[in-house]
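All values reported here derive from a predicted model rather than from experimental measurement. Just the heavy atoms: all of them, side chains too, but no hydrogens, waters or symmetry mates, feed the values below. First the proteins, then the strands, lettered A, B, ... as listed; each starts at 1.
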Protein chains: 2
Amino acid sequence: MFFHFRNKFPRLNAYWDKYLPFQERLEAPAKAILLEEGKKSRHYIFIEKGCVRAFFNKNGEDKTVQFFFENEGLTSFDSFVNNTPSLLTIETIEPSIIYLLPKKYVLQLVEELSSEPEFVPMILQMSAQRQLHYMNEFVSFIRDTPEQRYQRLLKDRPHIIRRVPQHYIASYLGVSKVHLSRIKSKLARGRSHF
Amino acid sequence: MFFHFRNKFPRLNAYWDKYLPFQERLEAPAKAILLEEGKKSRHYIFIEKGCVRAFFNKNGEDKTVQFFFENEGLTSFDSFVNNTPSLLTIETIEPSIIYLLPKKYVLQLVEELSSEPEFVPMILQMSAQRQLHYMNEFVSFIRDTPEQRYQRLLKDRPHIIRRVPQHYIASYLGVSKVHLSRIKSKLARGRSHF
DNA sequence: TCCCTACGATAACATATGTTATCAAGTATT
DNA sequence: AATACTTGATAACATATGTTATCGTAGGGA
């Protein structure tokens with residue numbers, strides 16, 4: 001739980017440990033839905049094994065927004081914070097081992113943490129990180145062609161391409177699966193000598 | 001200064017007031033550069049009158065990322081926080097009246113604020129807001145066609161279309177200025193009955 | 001007044017991308 | 001073994017978008 005912050009803010013480690021027992025362990029098959037679009041987010045989700053995607057539905061089509069892997073945690077941020085219906089569905093891609101921490105305990109944990117001097121720096125770093133992530137995704141659409149975005153993905157996050165089915169990646173890159181296939185074959189032709 | 005938070009967190013108002021005198025007033029003509037790509041951000045920028053854009057250069061071409069108007073504040077977030085060279089240039093679009101608060105005072109202000117109980121909620125709200133902004137921009141590229149993005153802009157933020165030259169808007173939407181012109185004329189044809 | 005520049009529309013053509021359909025291979029299910 | 005489902009490649013065609021060039025208008029200096 002909150003794996004990313006382990007040892008980064010050593011004084012907070014005891015808090016993570018304290019809440020471990022309140023997690024619910026879940027062995028989920030592929031395509032299991034952890035949070036459904038339109039429902040309120042009630043857990044913090046931690047991935048011990050497997051992978052997961054967040055997507056929304058547009059005219060009957062899946063549009064994938066983000067992928068998550070081992071030792072990453074997630075929640076539909078706006079739904080969780082504002083207690084509003086989630087705009088995103090969260091679903092396993094592979095069979096996965098998931099830990100769910102109910103919202104009630106998350107709030108309790110935040111309450112306890114807020115008296116710690118390391119809390120504000122942690123919150124700032126966490127939100128700066130997420131902000132930068134989305135800003136980079138956004139800028140990439142303005143700056144790069146789909147082909148460049150694919151190459152960037154291949155270079156920076158190759159595990160995504162290795163583990164995730166291609167049509168999910170296509171919608172994440174903002175193109176059709178047919179076109180992504182074209183991009184791949186074009187790049188493959190370019191790498192060989194004829 | 002920090003106009004957005006005035007009266008939202010009433011107990012903090014005194015802090016904003018205290019730092020007003022440290023701002024430098026600047027009357028800038030159109031196309032004045034407030035922060036240059038590659039240089040470090042040294043001020044918080046507040047717009048009293050006029051408007052401003054943030055952009056970066058890609059192969060000799062401007063790519064506009066965001067627009068700012070009266071009573072909005074901004075800074076190149078990553079450059080300011082991490083003291084790294086800015087990825088963005090910030091430039092006035094119209095003749096503008098700008099207030100600059102040197103980084104030194106911003107840090108001092110944050111230091112003072114951090115003992116206030118309203119500080120953490122304010123920081124959280126601020127960062128959630130920015131995160132949501134970039135996430136929405138990003139999702140819009142996955143979800144919508146350029147035409148739909150233009151219509152959304154027209155509906156949600158028409159002042160941008162009214163005040164900003166079209167080629168800046170084109171790069172912000174991720175299309176060429178020629179194509180944006182086509183989109184506009186197509187929509188105009190659709191609206192008339194001829 | 002005269003130029004120069006910024007801005008925006010449009011046309012003609014080239015390229016990128018979407019859509020639909022078909023095929024093949026792999027994997028899970030019965 | 002037989003079947004269905006998922007994934008991925010490819011072709012053929014339609015549409016969207018980029019590129020380059022030309023034109024017109026408006027406004028700002030000289």
Side-chain angles (χ1 to χ4, degrees), chain A residues 28-32 50-51 53 55 58-64 67 91-96 140-151 153-154 160-192, chain B residues 28-33 51 53 55 58-64 67 91-95 140-151 153-154 160-192 194:
Chain A
K31 302 205 178 188
C51 68
R53 71 187 179 114
F55 68 93
K58 162 85 174 181
N59 300 336
E61 250 190 325
D62 277 9
K63 302 286 183 180
T64 298
F67 302 104
E91 179 188 88
T92 57
I93 295 175
E94 304 171 355
S96 305
S140 167
F141 272 93
I142 293 181
R143 184 189 50 205
D144 304 325
T145 65
E147 180 175 328
Q148 291 169 323
R149 282 204 299 286
Y150 178 76
Q151 286 185 296
L153 196 63
L154 196 56
I160 292 184
I161 291 174
R162 266 188 271 107
R163 287 175 68 176
V164 174
Q166 203 161 300
H167 51 285
Y168 296 158
I169 295 177
S171 78
Y172 170 70
L173 292 175
V175 299
S176 69
K177 62 188 181 182
V178 177
H179 192 61
L180 177 54
S181 185
R182 273 195 290 243
I183 287 172
K184 282 180 66 176
S185 84
K186 180 184 165 195
L187 293 177
R189 277 199 307 282
R191 268 194 297 280
S192 72
Chain B
K31 302 206 181 190
I33 291 179
C51 68
R53 72 187 179 115
F55 69 93
K58 161 85 173 181
N59 301 336
E61 250 189 324
D62 276 8
K63 301 286 184 179
T64 298
F67 302 103
E91 179 188 270
T92 56
I93 295 175
E94 304 171 353
S140 166
F141 272 94
I142 292 181
R143 185 187 50 206
D144 304 326
T145 64
E147 181 175 327
Q148 290 169 324
R149 281 205 299 288
Y150 177 76
Q151 285 183 296
L153 195 64
L154 195 56
I160 292 184
I161 292 174
R162 265 188 273 109
R163 288 174 68 174
V164 174
Q166 203 161 301
H167 51 287
Y168 296 158
I169 295 177
S171 78
Y172 170 71
L173 293 175
V175 300
S176 69
K177 61 187 181 180
V178 176
H179 192 62
L180 177 54
S181 185
R182 273 196 290 242
I183 287 171
K184 282 181 64 175
S185 85
K186 180 184 166 196
L187 293 177
R189 276 199 309 282
R191 267 193 299 277
S192 75
F194 53 134

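In this structure, A:Lys184 reaches the D:dA9 phosphate: one of its side-chain N or O atoms is under 4.0 Å from OP1 or OP2. For C:dG8, one of the phosphate oxygens OP1 or OP2 lies less than 4.0 angstrom from a side-chain nitrogen or oxygen of B:His167. Regarding contacts with the backbone of D:dT6, every side-chain N or O of A:Gln166 stays at 4.0 angstrom or more from both OP1 and OP2.
For A:Ile183 and C:dT17, the CD1 to C1' distance is 9 Å, given to the nearest whole Å. Look at NE2 on B:His179: it is 16 Å from C1' on C:dA12, rounded to the nearest Å. For the pair A:Lys186 NZ and C:dT17 C1', the interatomic distance rounds to 12 Å; values are reported in whole Å. At whole-Å resolution of the value, CG in B:Leu180 and P in D:dA16 are 16 Å apart. Distance CG (A:Leu173) to C1' (C:dG18): 15 Å, rounded to an integer number of Å. Residue B:Ile169 contributes atom CD1, which lies 15 Å from atom C1' of C:dA9 at whole-angstrom precision. Rounded to whole angstrom, the span from the NZ atom of B:Lys31 across to the C1' atom of D:dG27 amounts to 13 Å. Atom CZ of B:Phe141 is separated from atom P of D:dA16 by 18 Å (rounded to the nearest Å).
Of all nucleotides listed (C:dT10, C:dA12, D:dT7), C:dT10 comes nearest to the side chain of B:Ser181. Of the candidates D:dG8, C:dG18, D:dG18, the closest approach to any side-chain atom of A:Pro165 belongs to D:dG8.
Using a 4.0 Å heavy-atom criterion, one finds that B:Ser185 contacts the sugar-phosphate atoms exclusively. At the heavy-atom level, B:Val178 lies under 4.0 Å from base atoms of the strands shown.
Residue-to-nucleotide contacts include no donor-acceptor pair under 3.5 Å from the side chain of B:Arg182 to the base of C:dG8.
Under a 3.5 Å cut-off, the side chain of A:Thr92 and the backbone N or O of A:Pro95 do not form any donor-acceptor pair. The main-chain N or O of B:Thr64 is found under 3.5 Å from a side-chain atom of B:Ser171 such that the two form a donor-acceptor pair.
Salt-bridge check for A:Glu91 with A:Lys31: failed, with every basic side-chain N at 4.0 Å or more from each acidic carboxylate O.
Looking at heavy atoms from C-beta onward, A:Val164 lies out of side-chain contact with A:Tyr172 at the 4.5 angstrom threshold. By the 4.5 Å heavy-atom criterion applied to side chains, B:Val175 and B:Tyr150 are not counted as neighbours.
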